[in-house]
Amino acid sequence: MTKPHQPRKQARQARARATEAAIVEAAARILEEDGASALTTNRIAERAGVSIGSLYQYFPDKRSVIAQLLRRERAALLDDIKACSDDVGDALAAVGALVDAALRHQFARPAMAMELERAETELALDEEEIALAAEIETAIGDIVRRLDPSADAATARDVVAICRAIVNSAALAGETDIGRIRERVLRAVIGYLRPPAFSIP
């Protein structure tokens, strides 16, 4: 039985993988150009240049196509975050590289990213998506612990929430100056990880 939001079959041959990738990318382009309300399996198939029957060979419905697109984007973000940890020695520079990864993820295709943010709240996560989210959290935790050795899983989630809140707010406001957004995110993240000494009343 196909799991919720999973492709019907795993594409193994190059041609099959290319077809699956074309379907997912077609959904991405529709999302960023026309929004989720315009996304139907017929539109996706037409945009991908495949028959609706071919689409259903890979995906049972449009929600499974969106879920696969989410997996694709999360996997790319995870690779970027891991590169931050591997390639940067200095703790502050590593946090800066993490923020850069978040900004690239959001602003490479901002309209698509915002639509996926909305769609994500409506999809029940399957095992693969939960595992990807956990890997991302772990990778972020590895970076923030270089700046704050006491950081735990909750700290990593907080850093994600801080980045997401500022970046999404900027994107919704139509901001395009990535440098200014980066500066605000870094101030917030570093201030959270290295707060001035004070007592919580």
Side-chain angles (χ1 to χ4, degrees), residues 5 24-40 43-44 47 62-63 65-85 88 91-125 129 132-133 135-137 139-141 143-144 147-148 151 153-196 198 200:
H5 315 314
V24 172
E25 178 57 23
R29 291 181 182 277
I30 294 168
L31 280 177
E32 66 186 344
E33 292 170 9
D34 301 312
S37 62
L39 196 69
T40 66
R43 283 282 308 275
I44 296 168
R47 187 67 183 261
K62 72 175 183 179
R63 291 167 68 86
V65 182
I66 295 171
Q68 186 71 359
L69 176 58
L70 273 166
R71 284 189 284 270
R72 184 190 82 177
E73 294 302 304
R74 280 181 174 157
L77 176 60
L78 177 59
D79 288 344
D80 213 354
I81 291 170
K82 284 181 175 178
C84 298
S85 183
V88 182
L92 280 172
V95 172
L98 171 62
V99 170
D100 289 337
L103 289 168
R104 280 194 297 274
H105 183 70
Q106 180 70 37
F107 285 99
R109 300 174 73 172
M112 182 194 72
M114 292 300 297
E115 290 292 339
L116 285 178
E117 289 267 347
R118 297 186 187 101
E120 187 176 5
T121 63
E122 300 173 4
L123 293 174
L125 299 180
E129 289 154 0
L132 263 175
E135 277 195 79
I136 290 171
E137 186 177 290
I140 291 172
I143 292 172
V144 298
L147 197 61
D148 176 7
T155 307
R157 289 194 298 273
D158 288 348
V159 168
V160 171
I162 290 167
C163 291
R164 178 175 285 181
I166 296 174
V167 170
N168 284 356
S169 175
L172 284 171
E175 292 187 43
T176 57
D177 188 337
I178 305 301
R180 289 189 63 192
I181 299 167
R182 181 183 191 272
E183 182 183 346
R184 298 205 306 271
V185 175
L186 273 174
R187 280 205 309 265
V189 170
I190 293 171
Y192 173 72
L193 294 173
R194 285 188 171 176
F198 69 97
I200 297 175

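Using a 4.5 Å heavy-atom threshold, the side chains of Arg71 and Leu132 count as touching. Under the 4.5 Å side-chain criterion, counting only non-hydrogen atoms from C-beta, Ile140 is not in contact with Thr155. A 4.5 Å side-chain heavy-atom check between Phe107 and Val167 finds at least one atom pair inside the cut-off.
Among Glu25, Glu73, Glu115, the single residue meeting the salt bridge (charged side-chain N to carboxylate O under 4.0 Å, His left out) criterion with Arg109 is Glu25.
Closest approach of Ile166 and Ala188 over heavy atoms only: CD1-CB, 3.7 Å. Across Ala27 and Val65, no two heavy atoms sit closer than the pair CB-CG1, 3.6 Å. In this structure, Ala170 and Arg184 approach most closely via the heavy-atom pair CB-NH2, 3.9 Å. Closest of all the heavy-atom pairs between Ile162 and Val189 is CG2-CG2, 4.0 Å. The two atoms that bring Ile190 and Leu147 nearest to each other are CG1-CD2, 4.4 Å, heavy atoms only. Of all the heavy atoms in Val185 and Cys163, the pair that sits closest is CG1-SG, 3.8 Å.
To the nearest 0.5 angstrom, Glu117 atom CD is 9.0 Å from Leu70 atom CG. Here CD1 of Ile181 is found 12.0 Å from CG of Leu186. Values are rounded to the nearest 0.5 Å. Between atom CZ of residue Arg63 and atom CD of residue Gln68 there is a gap of 15.0 Å, rounded to the nearest 0.5 Å. Note that CG of Asp100 and CZ of Arg182 are 4.0 Å apart. Values are rounded to the nearest 0.5 Å. Atom CG of Asp148 and atom CD1 of Ile143 lie 14.0 Å apart (nearest 0.5 Å). Atom OG1 in Thr40 sits 12.5 Å away from atom CZ in Arg47 (nearest 0.5 Å).
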Subject >> Evaluation steps, side chain to side chain contact (heavy atoms under 4.5 Å, CB included), between Asp34 and Arg43 >> reply: CA-CA 11 Å; Asp34 301 312; Arg43 283 282 308 275; 3.0 Å; yes
**OP:** May I have the step-by-step check of side chain to side chain contact (heavy atoms under 4.5 Å, CB included) for Leu69 and Leu31, ending in yes or no?
**Re:** CA-CA 11 Å; Leu69 176 58; Leu31 280 177; 3.8 Å; yes
Subject >> Derivation and outcome, side chain to side chain contact (heavy atoms under 4.5 Å, CB included), residues Gln106 and Met114 >> reply: CA-CA 8 Å; Gln106 180 70 37; Met114 292 300 297; 3.4 Å; yes
**OP:** Could you please spell out the steps behind the side chain to side chain contact (heavy atoms under 4.5 Å, CB included) verdict for Asp80 and His105?
**Re:** CA-CA 9 Å; Asp80 213 354; His105 183 70; over 6 Å; no
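Residues satisfying the side chain to side chain contact (heavy atoms under 4.5 Å, CB included) test with Ala119, not counting sequence neighbours, are Ile66. Scanning for salt bridge (Lys or Arg N to Asp or Glu O under 4.0 Å) contacts around Asp158 gives an empty result, with sequence neighbours left out.
By the 6.0 Å contact criterion, CZ on Arg72 is enclosed, its count of non-hydrogen atoms from other residues, nucleotides or ligands being greater than 12.
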